[in-house]
J.: 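One structure is given below, represented as structure tokens, and several questions about it will come after.
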There are 2 protein chains.
Amino acid sequence: MSEGYLPSPTERPAVSVDVVIFSLREGDLKVLLIRRAAPPFKGKWAIPGGFVRANESLEEAALRELEEETGVQEVYLEQLYTFGEPKRDPRGRIITVAYFALVVDDVSTHAGAEASETQWHSMHALPELAFDHAEILKYALQRLRYKLEYTAVGFELLPNEFTLTELQTAYEIVLGETLDKRNFRRRIQDAEVLSETNRYREGDGQGRPAKLYRYKKNATTEVKARRLFP
Amino acid sequence: MSEGYLPSPTERPAVSVDVVIFSLREGDLKVLLIRRAAPPFKGKWAIPGGFVRANESLEEAALRELEEETGVQEVYLEQLYTFGEPKRDPRGRIITVAYFALVVDDVSTHAGAEASETQWHSMHALPELAFDHAEILKYALQRLRYKLEYTAVGFELLPNEFTLTELQTAYEIVLGETLDKRNFRRRIQDAEVLSETNRYREGDGQGRPAKLYRYKKNATTEVKARRLFP
DNA sequence: CCAAAAGTGTTGGTTTTACACCCATGG
DNA sequence: CCATGGGTGTAAAACCAACACTTTTGG
């Protein structure tokens with residue numbers, strides 16, 4: 001920023017944030033989309049988003065959108081990329097800062113999503129998307145997979161307590177490949193990001209009850225940069 | 001982007017791009033900075049940048065800034081992060097999309113930098129910086145180091161033809177650590193991103209002349225996601 | 001022939017992958 | 001007692017880190 005003048009207001013683009021909200025539901029990786037009620041792209045599906053307000057940071061704007069759509073409180077939220085092609089929105093110059101969020105499939109998540117035009121869609125069967133949102137989703141999935149392999153972010157998709165099999169299944173769903181049970185467990189244990197509880201998942205159908213684990217909150221950063229699942 | 005209205009022009013933030021331009025010079029990792037001639041932060045150093053014009057993409061804006069400052073043609077350019085704290089610029093709401101660029105230390109680079117207030121600064125001895133630019137530089141260095149370890153981006157800091165020792169030295173300067181010559185060479189060879197020329201670096205002082213290599217342009221992406229220097 | 005930089009392999013340790021059986025519970 | 005899912009170890013292969021000498025050139 002070396003120039004000494006500010007562009008006149010009419011030369012300014014609008015700035016929005018769009019939040020790619022991922023969740024594991026019904027054994028699938030889903031993303032929350034909103035059906036557009038008005039042109040452009042009326043009837044097409046879009047990533048939730050909105051304009052950045054004068055006195056909020058980008059992250060605050062993203063959290064606000066997230067809460068409006070899902071009612072969630074604690075989430076993993078990370079800035080993804082900024083999309084700014086001049087023609088990406090036919091209404092005018094709109095630059096969007098995309099974020100991605102991971103939310104847990106529990107009751108609180110359903111709260112805000114009462115609008116019938118807000119729905120979870122499988123990442124494997126996406127509808128037609130508005131604007132450049134297909135590109136944004138593609139980028140987000142790539143980043144999520146990458147993050148999952150290199151950091152301990154997978155826990156953000158599960159409730160506080162979970163079994164190792166549930167965790168492995170979460171990884172398998174997102175990565176789209178099966179993992180070896182023993183190797184998976186060894187890596188997770190070696191990463192020292194879990195603590196055992198003395199509770200078990202009971203009455204869960206057949207079979208031996210599985211021990212419940214929790215994620216150690218403070219462990220996240222340490223795991224970064226060390227490959228979890230090479 | 002679900003909302004059907006656009007914010008009125010007066011509610012809109014200004015959007016700039018700032019480009020962190022790295023180069024290897026005098027055996028050191030340097031960044032191009034501009035001394036601010038006017039308030040705010042008059043006399044402090046800043047990352048080159050400017051406002052995004054109505055009909056250019058973010059990347060085009062970044063390339064334009066880069067060319068204005070350095071006159072360079074081909075460079076490595078990558079979007080870094082978008083900084084948007086409401087108070088980051090005392091003149092008003094300015095959201096900046098930061099990029100980072102790698103340029104080669106050759107004559108063409110000096111062309112545009114005639115302004116006496118544009119100077120290369122060592123990343124190890126940074127002056128006082130304007131705005132949140134210290135944070136942006138910190139982030140950029142982190143990303144550069146990371147990229148260097150995981151991808152074949154190091155070649156972007158060297159001229160078309162270079163010796164393996166020059167390449168190793170480039171890596172050592174950026175990473176801030178020494179590397180083992182034999183292991184380094186093995187990894188580079190195994191990555192199959194270089195092609196030999198039949199020329200040698202001659203009259204370069206003492207010693208046996210070193211073979212010159214070139215980077216295979218198409219090889220970049222293949223190397224991604226496979227750790228080059230763990 | 002000396003100084004300077006280029007170039008080249010091996011070994012031991014660690015990490016990763018592939019793989020199969022016994023355990024605890026509920027019905 | 002059987003069906004279901006939970007839990008556990010080992011061996012071979014791949015990979016990584018540490019390490020020192022010979023080659024080529026110019027002066």
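No hydrogens, no waters, no symmetry mates; every other heavy atom, side chains included, goes into these values. Lettering follows sequence order; numbering is per chain, from 1.
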J.: Report the distance from atom CZ of Arg201(B) to atom P of dA4(C), rounded to the nearest whole Å.
T.: 20 Å
J.: Any side-chain N or O of Thr165(B) less than 4.0 Å from the OP1 or OP2 oxygen of dA5(C)?
T.: no
J.: Quick one: are Leu58(B) and Tyr99(B) in side-chain contact, heavy atoms under 4.5 Å?
T.: yes
J.: One pair to check against side-chain contact (heavy atoms from CB on, under 4.5 Å): Glu68(A) and Thr118(A). What are the steps and the verdict?
T.: CA-CA 11 Å; Glu68(A) 284 172 19; Thr118(A) 300; over 6 Å; no
J.: Could you check how far CD1 of Ile188(B) sits from P of dG7(C), rounded to whole Å?
T.: 13 Å
J.: Can you give me the closest heavy-atom contact between Glu69(B) and Leu32(B), atom names plus distance?
T.: CB-CD2, 3.9 Å
J.: Could you report the tightest heavy-atom contact between Arg143(A) and Glu78(A), atom names first, then the distance?
T.: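 Taking every non-hydrogen atom into account, NE-OE2, 2.9 Å.
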J.: Round to a whole Å and report the spacing from OH of Tyr200(B) to C1' of dG26(D).
T.: 17 Å
J.: In this structure, how many angstroms lie between the P atom of dG7(C) and the CZ atom of Phe184(B), rounded?
T.: 12 Å
J.: Once you round it to whole Å, what is the distance between P of dG9(C) and CZ of Arg185(B)?
T.: 12 Å
J.: How does each nucleotide of nucleotides 19-27 of chain C score, in 5' to 3' order, for protein heavy atoms under 4.0 Å: base (B), sugar-phosphate only (S), or none (-)?
T.: BB--BBB-S
J.: Please tell me if the side chains of Leu194(A) and Phe155(A) come closer than 4.5 Å, counting only heavy atoms from C-beta onward.
T.: yes
J.: Could you give the CG-to-C1' distance, from Asp190(A) to dT17(C), as a whole number of Å?
T.: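 Rounded to the whole Å, the gap is 14 Å.
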J.: How long is the line joining CD of Gln189(A) and C1' of dG7(D), in whole Å?
T.: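 Answer to the nearest Å: 10 Å.
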J.: Quick one: CZ on Phe22(A) to CG on Leu141(A), what's the gap to the nearest 0.5 Å?
T.: 5.5 Å
J.: Would you compute the distance between atom CG of Leu33(A) and atom CD of Gln119(A) and round it to the nearest 0.5 angstrom?
T.: 9.0 Å
J.: Could you grab the distance from atom CG of Asp132(A) to atom NZ of Lys138(A), nearest 0.5 Å is fine?
T.: 12.5 Å
J.: Between the opening five pairs and the closing five pairs of the helix from dC1(C)-dG27(D) to dG27(C)-dC1(D), how far apart are the helix axes, to 10°?
T.: 10°
J.: Could you tell me whether the side chain of Thr96(A) and the main chain of Phe83(A) form a donor-acceptor pair under 3.5 Å?
T.: no
J.: Using whole Å, what does the distance between atom P of nucleotide dA17(D) and atom CD of Glu177(B) come to?
T.: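 After rounding, the reported distance stands at 11 Å.
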